[in-house]
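Count residues from 1 along the sequence.
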Amino acid sequence: MPHIDLPKELPGISSGFAFRPETAKPMRELAHVLLHEPNSLAPGERELIATYVSSLNDCYFCQTSHGAAAACHLGSASTVKQVKTDFTQAPISEKLKKLLVIAGKVQRDGKLVTTEDVEAARALGATDMEIHDTVLIAAAFCMYNRYVDGLATWQPREEAMYEKMGQHLASEGYRKPSISQQSAG
C-alpha cells in the first residue's frame with residue numbers, strides 16, 4: 001500500500017507521475033534523452049544499463065519495465081535475464097560489460113568509479129559521451145528506483161503488462177505515459 005494517496009489504478013512510477021505532473025515532465029524528458037534519443041550506444045544497451053542498476057537496487061517495477069524495453073530492442077529476454085544475474089557471461093559486447101562495471105559502482109557510490117574503470121572502457125572503444133551517459137543513467141535510475149520504492153508504489157507481477165509497457169517504451173520513448181488510467185488494472 002502506497003505511503004501517500006497515489007492513484008490506485010496506476011502502477012510504479014506512473015502513479016507518482018500522475019500525483020505530481022510538474023515533476024513528471026522533466027523526469028520523463030531525462031529518461032527520453034538518456035534511453036531513447038539517438039546515441040552511439042544502442043537503445044537496447046542503454047535499457048540494459050537501466051535494468052541492471054534497477055536490479056541492483058531491487059526495484060521490481062523498473063527492472064521489469066526497462067528489462068521488457070531492452071528485450072524489445074534486443075529481441076532477447078534471455079540476454080536481459082543474464083545481464084541481471086551475471087553480465088560477465090552475457091552475450092553483450094566487452095565494451096558494454098566495462099560500462100556495466102562503471103554503472104554498478106555508481107549504483108553503490110559514485111566515488112568508487114576509478115580512472116582504471118574509465119580507461120578499461122575507453123580501451124574497448126567507449127567514448128566520453130558513452131561514459132558520461134552510463135554514469136548519468138546509473139545515477140538517474142537510482143533516483144527513479146528510490147522514487148518508486150520510497151513511495152511504496154503498487155508494483156504488480158503481471159508479465160503481460162510489463163511486456164506491453166516495454167513495447168511502448170521501445171517504440172515511443174518516455175515523453176508520453178506507457179500506461180493510462182483507462183488501461184491500468
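- Checked by atom type and distance alone, the side chain of Ser178 never pairs as donor or acceptor with a backbone atom of Met165 at under 3.5 Å.
- Within a 6.0 Å radius of CG in Asp109, more than 12 heavy atoms belonging to other residues, nucleotides or ligands are found.
- Every ring pair (Phe, Tyr, Trp, His ring centres under 6.0 Å) that Tyr52 has, sequence neighbours left out, goes to Phe87.
- Around NZ of Lys97, the count of heavy atoms belonging to other residues, nucleotides or ligands within 6.0 Å exceeds 12.
- Between Val80 and Ala70, the closest heavy-atom pair is CG2-CB, 3.8 Å.
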Test side-chain contact (heavy atoms from CB on, under 4.5 Å) applied to Ile49 and Leu96, step by step: CA-CA 9 Å; Ile49 295 168; Leu96 184 56; 4.1 Å; yes
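- A side-chain donor-acceptor contact under 3.5 Å links Ser15 to the backbone of Gly12.
- Using a 4.5 Å cut-off on side-chain heavy atoms (C-beta onward), Pro11 and Gln155 make no contact.
- The neighbour count for Met129 CE, taken as heavy atoms of other residues, nucleotides or ligands under 6.0 Å away, does not exceed 12.
- The heavy-atom pair separating Ala18 from Pro7 by the smallest distance is CB-CG, 3.8 Å.
- To the nearest 0.5 Å, atom CD of residue Gln107 and atom CG of residue Leu112 are 10.0 Å apart.
- In this structure a side-chain-to-backbone donor-acceptor pair under 3.5 Å is present from Glu45 to Ala42.
- Transitive grouping of hydrophobic side chains (ILVMFWY, heavy atoms separated by less than 4.5 Å) brings Met143 and Leu6 into a common cluster.
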Trace of the side-chain contact (heavy atoms from CB on, under 4.5 Å) decision for Thr79 with Gln82: CA-CA 5 Å; Thr79 298; Gln82 202 164 10; 5.6 Å; no
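- Here Asp128 pairs with Arg122 under the salt bridge (Lys or Arg N to Asp or Glu O under 4.0 Å) rule; sequence neighbours left out.
- Cluster membership for Phe61 and Met1, using ILVMFWY side-chain heavy atoms within less than 4.5 angstrom, is not shared.
- A donor-acceptor contact shorter than 3.5 Å is absent between the side chain of Ser14 and the backbone of Leu10.
- Residues satisfying the salt bridge (Lys or Arg N to Asp or Glu O under 4.0 Å) criterion with Asp58, sequence neighbours excluded, are absent altogether.
- Residues passing the salt bridge (Lys or Arg N to Asp or Glu O under 4.0 Å) test with Arg20 are Glu22, sequence neighbours excluded.
- The two atoms that bring Ala170 and His36 nearest to each other are O-CE1, 3.3 Å, heavy atoms only.
- We find that Lys105 and Asp117 are joined by a salt bridge, their nearest charged nitrogen and carboxylate oxygen being less than 4.0 Å apart.
- The ring pair (Phe, Tyr, Trp, His ring centres under 6.0 Å) test applied to His132 returns no partner, not counting sequence neighbours.
- Under a 3.5 Å cut-off, the side chain of Thr134 and the backbone N or O of Leu99 do not form any donor-acceptor pair.
- The distance between the ring centers of Tyr162 and Tyr60 falls below 6.0 angstrom.
- Grouping the Ile, Leu, Val, Met, Phe, Trp and Tyr side chains by contacts below 4.5 angstrom, directly or via other members, places Val106 with Ile131.
- Under the 3.5 Å distance criterion, the side-chain polar atoms of Arg28 are left unmatched by any main-chain donor or acceptor of Ala24.
- In this structure, the side chains of Cys142 and Asn57 come closer than 4.5 Å at one or more pairs of heavy atoms.
- Between the side chains of Glu37 and His32, at least one donor-acceptor pair of N or O atoms lies under 3.5 Å.
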Test log, rule ring-ring contact (aromatic ring centres under 6.0 Å, His included), inputs Tyr144 and Phe141: CA-CA 5 Å; Tyr144 293 130; Phe141 274 82; 5.0 Å; yes
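- A distance of 8.5 Å separates CE in Met161 from OG1 in Thr64, rounded to the nearest 0.5 Å.
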side-chain contact (heavy atoms from CB on, under 4.5 Å) between Ile13 and Cys62, intermediate numbers included: CA-CA 8 Å; Ile13 205 164; Cys62 294; 5.5 Å; no
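- From Leu48, atom CG reaches atom NZ of Lys84 across 10.5 Å, with rounding to the nearest 0.5 Å.
- In this structure, Gly44 and His73 approach most closely via the heavy-atom pair CA-CB, 3.5 Å.
- Leu151 places none of its side-chain heavy atoms less than 4.5 Å from the side chain of Pro2.
- In this structure, the separation between CE on Met27 and CD on Glu29 is 13.0 Å, given to the nearest 0.5 Å.
- Side-chain polar atoms of Glu130 and Ser40 form a donor-acceptor pair below 3.5 angstrom.
- For Tyr174, the ring pair (Phe, Tyr, Trp, His ring centres under 6.0 Å) criterion is met by His66, not counting sequence neighbours.
- More than 12 heavy atoms of other residues, nucleotides or ligands lie within 6.0 Å of NZ in Lys95, so this atom counts as buried by the packing criterion.
- The two residues Ala140 and Leu34 make their nearest non-hydrogen contact at CB-CD1, 4.2 Å.
- If you chain together hydrophobic residues whose side chains sit under 4.5 Å apart, Val33 and Leu41 never meet in one group.
- Nearest heavy atoms, Ile102 versus Val113: O-CG2, 3.9 Å.
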